[in-house]
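First the structure, in the form of structure tokens, and then the observations on it.
This structure is a prediction, so every number in the text was calculated from the model and none was measured.
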Amino acid sequence: PVAITAYAFAKDGGGNDVHQLLREKLRPWQRIKPDIALTLVDPRDDPKRANAAGLRSPNEMVIEHKGNGRSEHLPLETFNEQNLINALIRLSRTSSNLVYALDGHGERKLDGIGNHDLGDFGRELRAKGYKFASLNLSIAQDVPRNTAMLIIASPQADLQANEVAKIKTFVE
């Protein structure tokens with residue numbers, strides 16, 4: 001079950017019913033997944049509840065996964081289908097979410113900004129809740145057991161035999 005509490009002014013500056021708009025946007029989600037509960041709170045009417053939620057802005061959703069007690073904040077100005085999906089994915093993920101990128105052979109960087117780097121892919125991984133770090137297998141004992149994914153992105157130099165053995169062990 002998922003509980004979404006939307007903290008939003010009931011009416012915007014133009015007199016539009018923001019709460020009704022949120023109900024309409026989330027109704028298809030509730031049809032598909034009936035255990036999504038929606039609560040609408042005007043932070044001006046219930047400031048204590050809004051403060052207790054730790055809001056960063058007056059118009060924000062707090063999405064809580066009832067199964068594991070984890071929650072995410074989603075500002076309403078960034079609320080769209082993709083951002084809601086990403087938040088739900090991050091909340092539902094219970095296994096390791098650590099991604100290592102092989103380093104030490106001139107590989108493309110997940111956080112790089114050059115044309116040859118994979119910065120956009122790295123940003124997408126982060127949006128999906130993954131954390132990543134570099135891994136130099138010439139130094140590391142082996143690929144850590146909590147690794148969800150090992151990325152080997154176009155090494156420019158050959159890997160050493162002991163590095164290849166460590167990767168094979170990880171894959172097996």
Separation between CZ of F170 and CG of L135, rounded to the nearest 0.5 Å: 9.5 Å

Common cluster, L26/I89, ILVMFWY with side-chain heavy-atom separation under 4.5 Å: yes

Least distance between heavy atoms, A8 atom then L76 atom: CB-CD1, 3.4 Å

Minimum heavy-atom distance between V99 and L110, given as atom pair plus value: CG1-CD1, 4.4 Å

Exercise: identify the closest heavy-atom pair between L84 and W29: CD2-CE2, 3.6 Å

Residues in side-chain contact (heavy atoms from CB on, under 4.5 Å) contact with T5, at least two apart in sequence or another chain: Y7, T39, V41, R49

Can you give each donor-acceptor pair under 3.5 Å made by side-chain atoms of residues 117-124, sequence neighbours left out, with the distance rounded to 0.1 Å?
| from | atom 1 | to | atom 2 | distance (Å) |
| --- | --- | --- | --- | --- |
| D117 | OD1 | K109 | N | 3.0 |
| D117 | OD2 | G114 | N | 3.2 |
| D120 | OD1 | R123 | NH2 | 2.3 |
| R123 | NH1 | G119 | O | 3.3 |

Within 6.0 angstrom of E77 CD, more than 12 heavy atoms from elsewhere: yes

Rounded distance [0.5 Å steps], CG in L159 versus CD in E107: 7.0 Å

Donor-acceptor contact below 3.5 Å, side chain E24 vs main chain L21: no

Atom NZ of K33 with >12 non-hydrogen neighbours under 6.0 angstrom: yes

Side chain to side chain, I151 and L102, heavy atoms closer than 4.5 Å: no

Partner residues of N136 under the side-chain hydrogen bond (donor to acceptor under 3.5 Å, both in side chains) criterion, sequence neighbours left out: S138

For the student: nearest non-hydrogen atoms of L22 and A6, plus distance: CD1-CB, 3.8 Å

Minimum side-chain heavy-atom gap V2-E64 below 4.5 Å: no

M149 backbone acceptor or donor facing T147 side chain under 3.5 Å: no

Value rounded to 0.5 Å, distance of CG in L38 from NZ in K25: 13.0 Å

Linked hydrophobic residues, I32 as query - side chain contacts closer than 4.5 Å: none

Side-chain donor/acceptor of R108 to backbone N/O of H116, under 3.5 Å: yes

Polar side-chain atom of Q156 near backbone of H105 as donor-acceptor pair, under 3.5 Å: no

Verdict with reasoning, H65 to E72, per side chain to side chain donor-acceptor pair (under 3.5 Å): CA-CA 9 Å; H65 186 288; E72 289 247 348; over 6 Å; no

Partner set under side-chain hydrogen bond (donor to acceptor under 3.5 Å, both in side chains) for N16, not counting sequence neighbours: D12

L88 side, atom CG; I36 side, atom CD1 - distance, nearest 0.5 Å: 6.0 Å

side-chain hydrogen bond (donor to acceptor under 3.5 Å, both in side chains) partners of H73, counting only residues at least two apart: E60

N162 side, atom CG; D142 side, atom CG - distance, nearest 0.5 Å: 11.5 Å

Atom CG of D158: over 12 foreign heavy atoms under 6.0 Å: no

Side-chain donor or acceptor of K166 paired with backbone N/O of A140 under 3.5 Å: yes

Nearest-0.5 Å distance that lies between atom CG in L150 and atom OH in Y100: 10.0 Å

Which atom of A87 lies closest to which atom of I63, heavy atoms considered: CB-CD1, 4.0 Å

Note, I167 side chain near E172 side chain (heavy atom, < 4.5 Å): no

Any side-chain donor near an acceptor of the partner, R23 and Q20, under 3.5 Å: yes

Salt bridge present between K48 and D46 (N-O < 4.0 angstrom): no

Enclosure of Q82 CD (heavy-atom neighbours >12, cutoff 6.0 Å): yes

Residue pair G15 / K11: nearest heavy atoms and the distance that separates them: O-CD, 3.6 Å

